[in-house]
Amino acid sequence: MIDLKQLRENPDQFLARLNLRSDYSEPIQQILALDQQQRSIEMNRSQLQARSNEIGKLVGQKMKSGVKADDPEVQTLRDEGNQIKAQLSELEPQEKELKAELEALMLTIPNLPSETTPLGKSEEENVEVKRWGDEYLPTNPDILPHWEIGEKLGILNFERSVKIAQSRFVSLIGAGAALERALIRFMIDRQTAAGYTEISPPFLVNTASLTASGQLPKFAEESFKCDRDDLWLLPTAEVAINSFHRDEVIDADLLPLHYCAYTPCFRREAGSYGRDTRGLIRLHQFDKVELFKFVHPDTSEQEHQALLQNAEAILQALKLPYRAIELCTGDLGFSAIKTYDLEVWLPSAGKYREISSCSNCGDFQARRGNVRFKEAGKKGTQFLHTLNGSGLAVGRTMAAILENYQQPDGTVLVPEALQPYLGREVL
RNA sequence: GGAGAGGUGGCAGAGUGGUCGAAUGCGCUCGACUUGAAAUCGAGUGUACGGAAACGUACCGAGGGUUCGAAUCCCUCCCUCUCCGCCA
């Protein structure tokens with residue numbers, strides 16, 4: 001949620017920053033207008049309310065001192081009370097409607113990009129900031145795409161998954177299933193060793209949780225919904241962990257809070273029908289180990305860098321070549337002020353593909369979820385900052401292993417770091 | 001799913017129409033007493049919004065209603081607990 005106070009006090013500067021994403025002039029003007037109307041009604045209303053409270057007290061006093069209810073003095077006060085009530089009954093619905101309208105509109109405005117986020121209109125202008133592991137790039141010229149090698153090895157099956165569910169689902173068989181399980185354990189072990197507390201959250205989440213993290217109201221198309229229950233299938237553990245502390249005030253001494261979670265993620269992938277139709281890259285259901293931090297605003301930049309390193313550490317441990325790019329203002333996700341994507345090398349595609357996205361959301365999600373912290377001795381509370389990143393997407397990691405570790409004889413080596421988890425060296 | 005009980009401040013717990021943002025206890029903060037501590041005593045101790053401030057408004061699970069006035073009465077919903085049923 002954007003900071004209305006900040007917008008009100010400095011609308012031009014606010015809009016200029018927001019427009020680095022794309023043009024939001026219109027909704028922002030609307031918000032400012034609604035805010036003004038709402039505030040003027042509120043002022044009016046609270047004055048009436050004050051008088052009404054006063055009347056209530058006066059009547060109470062008189063009745064207590066023995067004045068009868070039908071005494072003219074009391075009757076006059078009651079009449080005035082009734083008049084105020086009539087006025088309030090007009091103002092209140094107006095104010096309520098304005099507030100609802102304002103809130104609905106505000107929920108559709110994305111976060112302001114950080115001042116350090118590179119400028120740009122689209123993903124073309126994202127900035128590569130790092131490349132790692134050139135020495136691990138495969139030299140084998142005849143690499144099969146991971147879905148082909150996977151089916152050859154009998155560890156992936158897409159066809160039968162269509163029978164079970166739909167397209168864009170997969171079943172893992174034998175060593176494939178074991179590999180997935182090994183990767184999850186490997187990632188969780190590494191991240192807990194790095195100081196993250198593991199959470200296994202509900203895989204169904206309610207509307208409030210999705211709204212708090214920013215998936216709703218704008219991206220309803222992207223999630224699967226259980227209509228009868230106000231529950232949605234989790235699109236990412238970010239949603240669940242973000243709401244883990246929703247509506248809480250956290251003692252500043254307890255910050256930062258570092259969490260990691262393994263969960264399946266469910267996404268409708270609406271609007272990507274032609275893209276990545278084969279393989280593990282874009283499925284309706286995939287596994288992910290997520291990193292999430294609740295931090296003091298002063299530390300969020302360092303925490304962001306550290307989180308990125310924690311995600312990179314997995315790729316490095318698996319010796320998978322990757323690069324890091326920083327998203328430009330035009331490509332930034334809805335809730336983020338600054339994002340780094342990690343992209344792993346996929347030989348069959350001949351390019352790097354996203355395997356992790358590490359974002360600093362500033363206080364945006366904290367506002368939407370009302371997560372605050374309190375510093376001892378200081379008056380009031382502040383919104384904390386939230387950060388999230390994949391550490392990593394499991395399916396895509398599998399794809400990367402199947403391709404990068406392919407041998408000329410059609411077998412696949414198991415990355416050394418993973419061997420103890422899988423109990424074998426070759427697939 | 002059926003039957004019953006209940007949701008009040010950091011916690012415990014009173015309050016069934018009137019000056020209640022809410023008794024009391026515990027906790028916490030500051031102060032006094034003390035060589036120090038305990039005990040005791042005194043003062044303070046929620047959040048949000050508006051306002052330069054004084055102060056005002058809202059909040060007793062959520063939303064509506066009755067009333068001059070609602071923590072208290074009525075309606076709807078949510079959640080928790082106990083018993084029964086079902087179930088991994």
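Scope of the values below: all heavy atoms of this structure, side chains included, with no hydrogens, waters or symmetry mates.
One finds the CD atom of Glu54(A) at 9.5 Å from the CG atom of Leu77(A) (value rounded to the nearest 0.5 Å). One finds the CZ atom of Phe169(A) at 12.5 Å from the CZ atom of Phe158(A) (value rounded to the nearest 0.5 Å).
Separating the CZ atom of Phe383(A) from the C1' atom of U47(B) is a distance of 11 Å, rounded to the nearest angstrom. Nucleotide U66(B) holds its C1' atom 16 Å from the CG atom of Leu88(A), rounded to whole Å. Distance Gln382(A) CD to A48(B) C1': 15 Å, rounded to the nearest Å. Rounded to an integer number of Å, the gap from Arg246(A) CZ to C78(B) C1' is 13 Å. The CG atom of Asp253(A) sits 16 Å away from the P atom of C28(B) (whole-angstrom rounding). Asp230(A) places its CG atom 12 Å from the C1' atom of C77(B), with the value rounded to the nearest Å. Protein atom CD of Glu248(A) is 20 Å distant from nucleotide atom P of G46(B), rounded to whole Å. Following rounding to the nearest Å, Glu92(A) (CD) and G65(B) (P) show an atom-to-atom distance of 8 Å.
Nucleotides G1(B) and C49(B) have their P atoms positioned 39 Å apart, rounded to a whole Å. C68(B) and U29(B) are spaced 48 Å apart, taking the P atom of each and rounding to whole Å. Straight-line distance between the P atoms of A23(B) and C77(B): roughly 34 Å, to the nearest whole Å. Taking atom C1' in both U66(B) and G50(B), the straight-line distance is 30 Å, to the nearest Å. When the C1' atom is used for both C81(B) and G10(B), the distance is 22 Å, rounded to whole Å. Straight-line distance between the C1' atoms of U34(B) and A39(B): roughly 11 Å, to the nearest whole Å. Spacing of C1' atoms, G18(B) relative to A70(B), comes out at 10 Å, to the nearest Å.
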Annotated structure of RNA chain B as dot-bracket, pair cut-off 3.5 Å, Watson-Crick or G-U only, | for inter-strand, is ((((((((.[[[..)..(.....]]]((((((.......))))))(((((....))))).[[[[[..)....]]]]])))))))....
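Checking the phosphate oxygens (OP1, OP2) of A48(B), a side-chain nitrogen or oxygen of Thr381(A) falls inside 4.0 Å. For the OP1/OP2 pair of C49(B) and a distance below 4.0 Å, the side-chain nitrogens and oxygens of Lys99(A) include no atom meeting the criterion.
In this view, Phe244(A) and Tyr259(A) satisfy the ring pair (Phe, Tyr, Trp, His ring centres under 6.0 Å) rule, not counting sequence neighbours.
Pairs passing the salt bridge (charged side-chain N to carboxylate O under 4.0 Å, His left out) check and including a residue from residues 308-319 of chain A, sequence neighbours excluded, read Lys130(A)-Glu312(A), Lys319(A)-Glu416(A). Judged as a side-chain hydrogen bond (donor to acceptor under 3.5 Å, both in side chains), the pairs with a partner in residues 417-427 of chain A (not counting sequence neighbours) are, in order, Asp189(A)-Tyr421(A). Within the structure, the side-chain hydrogen bond (donor to acceptor under 3.5 Å, both in side chains) test picks out the following pairs touching residues 39-50 of chain A (sequence neighbours left out): Arg45(A)-Glu95(A). The salt bridge (charged side-chain N to carboxylate O under 4.0 Å, His left out) pairs that include a residue from residues 72-86 of chain A are Arg51(A)-Glu80(A), Lys62(A)-Glu73(A), where partners are two or more places apart or lie in different chains. Judged as a salt bridge (charged side-chain N to carboxylate O under 4.0 Å, His left out), the pairs with a partner in residues 292-301 of chain A (not counting sequence neighbours) are, in order, Lys293(A)-Glu303(A). Contacts classified as salt bridge (charged side-chain N to carboxylate O under 4.0 Å, His left out) and involving residues 5-22 of chain A (residues at least two apart or in different chains) are given here: Arg8(A)-Asp35(A).
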Between the protein and nucleotides 18-22 of chain B, list the N/O to N/O atom pairs that are separated by less than 3.5 angstrom.
residue : atom : partner  : partner atom : Å
G18(B)  : N2   : Gly56(A) : O            : 2.7

Between the protein and nucleotides 51-53 of chain B, are there any N/O to N/O pairs under 3.5 Å, and if so, what are the atom names and distances?
none

N/O contacts under 3.5 Å, protein versus nucleotides 55-63 of chain B?
residue : atom : partner  : partner atom : Å
U57(B)  : OP1  : Asn53(A) : ND2          : 3.1
U57(B)  : O2'  : Arg45(A) : NH2          : 2.9
A58(B)  : OP2  : Asn53(A) : ND2          : 3.3

Show me the protein contacts with nucleotides 70-73 of chain B, counting only N or O atoms at under 3.5 Å.
none

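The nearest heavy atom of RNA chain B to Lys85(A) and to Lys374(A) marks one nucleotide each, and the one closer to the 5' end goes with Lys374(A). Remark on RNA chain B: of its neighbouring residues Arg78(A) and Gly380(A), the 5'-side contact belongs to Gly380(A), judged by nearest-heavy-atom nucleotide.
Nearest heavy atoms, Ile314(A) versus Phe186(A): CG2-CE2, 4.0 Å. In terms of heavy-atom proximity, Leu234(A) sits nearest to Pro202(A) at CD2-O, 4.2 Å.
Note: Tyr262(A) and Phe203(A) have perpendicular aromatic rings, judged against thresholds of 30 and 60 degrees for the angle between ring planes.
Under 3.5 Å, the side chains of Ser171(A) and Ser161(A) contain a donor-acceptor pair of N or O atoms. Using a 3.5 Å distance cut-off with no hydrogens or angles, the side chains of Glu403(A) and Ser348(A) do pair a donor with an acceptor. Side-chain atoms of Ser335(A) and Asn111(A) form no donor-acceptor pair, as typed in the model, at a separation below 3.5 Å.
Here the side chains of Asn370(A) and Arg246(A) are not in contact, with every heavy-atom distance at 4.5 Å or above.
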Given side-chain hydrogen bond (donor to acceptor under 3.5 Å, both in side chains), test Asp341(A) with Ser357(A) step by step and report yes or no.
CA-CA 4 Å; Asp341(A) 276 3; Ser357(A) 187; 2.8 Å; yes
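For the ring pair (Phe, Tyr, Trp, His ring centres under 6.0 Å) with His245(A), the lone residue among Phe373(A), Phe294(A), Phe383(A) that qualifies is Phe294(A).
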